[in-house]
Chemist: 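Sending over a structure as structure tokens; questions will come in a sec.
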Amino acid sequence: MVKVATTRLDRALVARTALRLLHETGLQGLTLRAIAKELDVKAPALYWHFKDKQALLDEMATEMLRRMNADLPTELPADWRDGLATAMRGLREHLLRYRDGAKVYSGTRFTDHAAYAGPMERHLSMLTAGGFTPAGAARAWFTAYSYTIGYVIEEQSMGPDPASGEEGAEGYDLAARADRLAEHPLAAAAGFELFSDHDAGFEAGLAAVVAGIGSLMK
């Protein structure tokens, strides 16, 4: 247990502690009571800063965003396709640093508007410079973003979680799965494509999303 009783308790400290504890508990096991125990304070002390778990998740996602922003390149690629793909790869890479990172990040409301709006403005400007209308740029960004979030949620649910540092086989026994689905050969074979190489799968889907955006939204 980390003893921090002499450290001033604030939202940032609680969020950082929660992100660290997330590796051990996962999202389901992460509670304000568990975080209070880690901080060596009483649980009611946290309610001065967060009214409920969702408010805490909002702050955790915002802290994740701040860390992502610190890794943003100073210049974006000239081609919007490269820029959009690079941004989505960066988003995935950061989400995978945390157990259940995509679940924590999705559906939250960022508490630091500048941390959210500044980077988004840069990427939307990249898209409009590439020929998108402002509305098309927003839709293009959200489509690629939604694909990435959804992919990582599924990826992390399959296990093993990359954030855990565990080595070994994928979460599914693909041979056993194929045996169970032997009467459905296409479904059986699909498992080896869908569940065996998350990196390759993400890249294939991302390429399709970016191509579709270029064809339909620009």
Side-chain angles (χ1 to χ4, degrees), residues 10-27 30 35 49-50 53-130 132 137-158 160-165 198-199 201-203 205-207 209-210 213:
D10 58 21
R11 290 173 63 88
L13 176 60
V14 176
R16 291 195 302 270
T17 302
L19 285 172
R20 186 175 67 249
L21 192 59
L22 184 67
H23 286 284
E24 301 175 14
T25 67
L27 180 57
L30 186 69
I35 297 165
H49 303 283
F50 301 101
K53 186 175 179 178
Q54 185 56 55
L56 172 62
L57 293 177
D58 291 345
E59 190 63 35
M60 290 170 64
T62 303
E63 177 60 25
M64 293 166 67
L65 178 63
R66 293 189 188 102
R67 296 176 185 182
M68 289 185 211
N69 291 344
D71 288 345
L72 282 177
T74 55
E75 294 185 8
L76 297 176
D79 189 306
W80 70 265
R81 297 169 187 81
D82 293 336
L84 188 59
T86 297
M88 294 306 112
R89 291 184 189 111
L91 173 60
R92 174 175 176 255
E93 188 258 325
H94 271 271
L95 294 176
L96 288 175
R97 295 181 183 182
Y98 308 91
R99 181 177 176 183
D100 293 332
K103 289 182 180 178
V104 171
Y105 201 77
S106 64
T108 52
R109 297 186 177 185
F110 297 117
T111 61
D112 182 348
H113 294 161
Y116 168 71
M120 187 175 186
E121 185 75 14
R122 288 183 63 199
H123 288 104
L124 292 177
S125 296
M126 172 194 68
L127 289 166
T128 54
F132 288 82
R139 182 55 56 190
W141 175 262
F142 190 68
T143 298
Y145 173 88
S146 298
Y147 162 72
T148 303
I149 293 288
Y151 189 94
V152 179
I153 287 176
E154 291 297 322
E155 179 178 8
Q156 292 186 312
S157 297
M158 292 173 196
D161 193 332
S164 70
H198 296 315
D199 291 341
F202 176 76
E203 288 296 330
L206 180 61
V209 169
V210 172
I213 286 171

Chemist: Got a second to check how far Glu75's CD is from Arg122's CZ, nearest 0.5 Å?
Modeler: 9.0 Å
Chemist: Could you please spell out the steps behind the side chain to side chain contact (heavy atoms under 4.5 Å, CB included) verdict for Arg11 and Val14?
Modeler: CA-CA 5 Å; Arg11 290 173 63 88; Val14 176; 5.8 Å; no
Chemist: What's the shortest heavy-atom distance between Ala115 and Arg66, and which atoms?
Modeler: CB-CG, 4.3 Å
Chemist: Drop me the distance from His198's NE2 to Glu154's CD, to the nearest 0.5 angstrom.
Modeler: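 Nearest 0.5 Å value for the NE2-CD distance: 10.0 Å.
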Chemist: Between Asp100 and Leu27, is there a donor-acceptor pair closer than 3.5 Å when you use the side chain of the first and the backbone of the second?
Modeler: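 Indeed, once roles are kept as given, a pair shorter than 3.5 Å links the two residues.
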Chemist: May I ask you to decide whether Asp199 forms a salt bridge with Arg89, counting only side-chain N to carboxylate O separations under 4.0 Å?
Modeler: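 Arg89 and Asp199: not salt-bridged.
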Chemist: So does Thr111 get a backbone contact from the side chain of Thr62, meaning a donor-acceptor N/O pair under 3.5 Å?
Modeler: yes
Chemist: Over all heavy atoms of both residues, which pair between Leu127 and Trp80 is shortest? Give the atoms and the distance, please.
Modeler: CD2-CE3, 3.7 Å
Chemist: So which atom in Phe132 and which in Ala137 form the shortest heavy-atom distance, rounded to 0.1 Å?
Modeler: CB-N, 3.8 Å
Chemist: Counting only heavy atoms not in Arg67 (residues, nucleotides, ligands), do more than 12 fall under 6.0 Å from its CZ?
Modeler: yes
Chemist: Measuring from atom OG1 of Thr86 to atom CG of Leu91, what distance do you get when rounded to the nearest 0.5 angstrom?
Modeler: 12.5 Å
Chemist: Should Arg97 and Glu93 count as an ion pair when the cut-off is N to O under 4.0 Å?
Modeler: yes
Chemist: Using atom types as modelled and distance alone, determine if a side-chain donor or acceptor of Lys103 lies under 3.5 Å from a backbone N or O of Gly26.
Modeler: no
Chemist: State, yes or no, whether a side-chain contact exists between His123 and Leu72 at a heavy-atom distance under 4.5 Å.
Modeler: yes
Chemist: Of the non-hydrogen atoms in Trp141 and Leu84, which two are nearest, and what is the gap between them?
Modeler: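 Taking every non-hydrogen atom into account, CE3-CD1, 3.6 Å.
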Chemist: State which residues pass ring pair (Phe, Tyr, Trp, His ring centres under 6.0 Å) with Phe202; sequence neighbours excluded, sorted by chain then number.
Modeler: Tyr147, Tyr151
Chemist: Who are the ring pair (Phe, Tyr, Trp, His ring centres under 6.0 Å) partners of His49, not counting sequence neighbours?
Modeler: none
Chemist: Tell me if a side-chain donor or acceptor on Gln156 pairs with a main-chain N or O of Tyr98 at a distance below 3.5 Å.
Modeler: yes
Chemist: Would you say the side-chain atoms of Thr108 pair up with the backbone N or O of Tyr105, donor to acceptor, closer than 3.5 Å?
Modeler: yes
Chemist: Once you round to the nearest 0.5 Å, how far does CZ of Arg99 lie from OG1 of Thr25?
Modeler: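 So the gap between those two atoms works out to 6.5 Å.
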Chemist: Using side-chain contact (heavy atoms from CB on, under 4.5 Å) as the criterion, point out the one residue from Val209, Ile149, Leu206 that pairs with Met88.
Modeler: Leu206
Chemist: Side-chain contact test, heavy atoms from C-beta onward, threshold under 4.5 Å: evaluate it for Gln54 versus Leu57 and give yes or no.
Modeler: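 SC-SC contact between Gln54 and Leu57 confirmed.
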Chemist: Verify side chain to side chain contact (heavy atoms under 4.5 Å, CB included) between Glu63 and Asp112, making sure each step is shown before the conclusion.
Modeler: CA-CA 9 Å; Glu63 177 60 25; Asp112 182 348; over 6 Å; no
Chemist: Taking Asp58's backbone N and O only, do any of them form a donor-acceptor pair with Arg109's side chain (distance below 3.5 Å, no angle check)?
Modeler: no
Chemist: Heavy-atom count around Arg139 CZ within 6.0 Å, excluding the residue itself: above 12?
Modeler: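 Not buried by this count: 12 neighbours or fewer within 6.0 Å.
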Chemist: Can you give me the closest heavy-atom contact between Met60 and Leu22, atom names plus distance?
Modeler: CE-CD2, 4.4 Å
Chemist: Between Ile213 and Arg81, is there a side-chain heavy-atom distance shorter than 4.5 Å?
Modeler: no
Chemist: Please give me the minimum heavy-atom distance between Ala18 and Leu30, naming the atom from each residue.
Modeler: O-CD1, 3.9 Å
